[in-house]
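Lettering follows sequence order; numbering is per chain, from 1.
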Protein chains: 2
Amino acid sequence: MTPLNYALLGLIRAEARSGYALRKVFETTPMGSFSSSPGSVYPALKNLQKAGVIESRPTGKKSVFAITGAGDAAFEAWLRQPVTASENTDIALLRFAFLHDYPDRQLSLAFLLSYARACHDKIVGLKAFMTSDTWQQMPLQTRLAVQHGLRITEAAAEWAADAHLQLSEEIKP
Amino acid sequence: MTPLNYALLGLIRAEARSGYALRKVFETTPMGSFSSSPGSVYPALKNLQKAGVIESRPTGKKSVFAITGAGDAAFEAWLRQPVTASENTDIALLRFAFLHDYPDRQLSLAFLLSYARACHDKIVGLKAFMTSDTWQQMPLQTRLAVQHGLRITEAAAEWAADAHLQLSEEIKP
DNA sequence: CCAACCATGTAAGCTGTTACATGATTGA
DNA sequence: TCAATCATGTAACAGCTTACATGGTTGG
């Protein structure tokens, strides 16, 4: 199961779709980090079918892909995974976006806490590296490049805190 | 020429190194986004040799890889490319880090301007998307996920401005 | 009617991953 | 001496990209 597979699975879970419709999502939304090329999407859909997580269903004239029970379980397990410091940010955010489809908002809050924690770990790691011998020997611009990573991660941590606040407020009152 | 190839080329350009030494860099520095697995590094080095951009050179007992004239030209051309909004951030930052090895600091400043511009373009694009119909129909969390991207990009733009200032000051006085 | 879009695929080729394999050197 | 690290590879496999190919539908 690659990120592309999960992206397809999540979209199909939200709404039964044709391969072409899925490709259009990748072309016209910020999910464009995934390739919309037929050579990636159609083989991936075949794999998902073979794995039993989606099935082809006739809807009116055309047939679309729908998620199966096994697919639903696999997808939710993926969403529930804690965020790790090494996890790709785009993928983590994709999981967060998909969490909306679940009524239990606690899952989303748990994700945000986990994400903030992962950011924090990364920040700690970068700051630790910034005191190492290697760091001292690095030229100015290499250090600036690393600082870029630090800034970005700090912004991400702030976002997580903000988002957590907004979601909490949306639930309570 | 993949990003891995350029990363190897840049490291070799800075200092002649063995395959193992290159792998160690990927294992112990923030360049860890590149795989240090032998199955990726050694074949890549072979490709670089075949392309004529590096050559194996005996240094004392052991032999290391050194950059060739063609390699030097190819690498500099890569560094000089303007940053595009679609370019991977990590790769762009890698280019910036490698620019340190060139005495002409104007290249670095040009990069930072180009990078800031790319961030700006991305911000404009995201904000435009945030006024579209698609955006209106998106659930809260999807919107939050997109906002994450906005925040990150804004932080990157700020970093670029800061870095430009710092570098300018380092040059002038 | 013709261009544009809908819709689905296949094939070649390249990268990278994982896992296996080998042998030298070195420090405890 | 024995484990760890140095050092370099290969083989099977999966995934993605590019390019090619096909045929249906629809709007101007």
Provide, to the nearest angstrom, the distance between the [atom1] atom belonging to [X] and the [atom2] atom belonging to [N].
X	N	atom1	atom2	result
Phe26(B)	dT17(C)	CZ	P	11 Å
Leu48(B)	dC14(C)	CG	P	15 Å
Lys24(A)	dA4(C)	NZ	C1'	11 Å
Asn88(B)	dT15(C)	CG	P	17 Å

Distance (rounded to the nearest 0.5 Å) between [X] [atom1] and [Y] [atom2]:
X	Y	atom1	atom2	result
Leu144(B)	Leu112(A)	CG	CG	8.0 Å
Glu76(A)	Leu9(A)	CD	CG	12.0 Å
Leu140(A)	His100(B)	CG	NE2	6.0 Å
Arg151(B)	Asp162(A)	CZ	CG	4.0 Å
Phe26(A)	Leu4(A)	CZ	CG	5.5 Å

Identified ring pair (Phe, Tyr, Trp, His ring centres under 6.0 Å) partner of Phe96(B) from the options Tyr115(B), Trp159(B), Tyr102(B)
Trp159(B)

Is there side-chain contact between [X] and [Y], with at least one heavy-atom pair below 4.5 Å?
X	Y	result
Tyr6(B)	Leu94(B)	no
Thr29(A)	Thr142(B)	no
Asp101(A)	Phe75(A)	no

Going by heavy atoms closer than 4.0 Å, what residues in residues 37-46 of chain B are next to DNA chain D?
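Close to the strand are Pro38(B), Gly39(B), Tyr42(B), Lys46(B).
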
In residues 3-23 of chain A, what residues come within less than 4.0 Å of DNA chain D, judged by heavy atoms?
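Contacting residues: Leu4(A).
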
Whether [X] contacts [N] is assessed here as follows: a side-chain N or O lying under 4.0 Å from the phosphate OP1 or OP2. Is that the case?
X	N	value
Thr2(A)	dA14(D)	no
Ser35(A)	dC16(D)	no
Asn47(B)	dC14(C)	no

Candidate nucleotides dG15(D), dC6(D), dC6(C), ranked by approach to the side chain of Lys62(B) - the nearest
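Of all the options, the side chain of Lys62(B) is nearest to dC6(D).
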
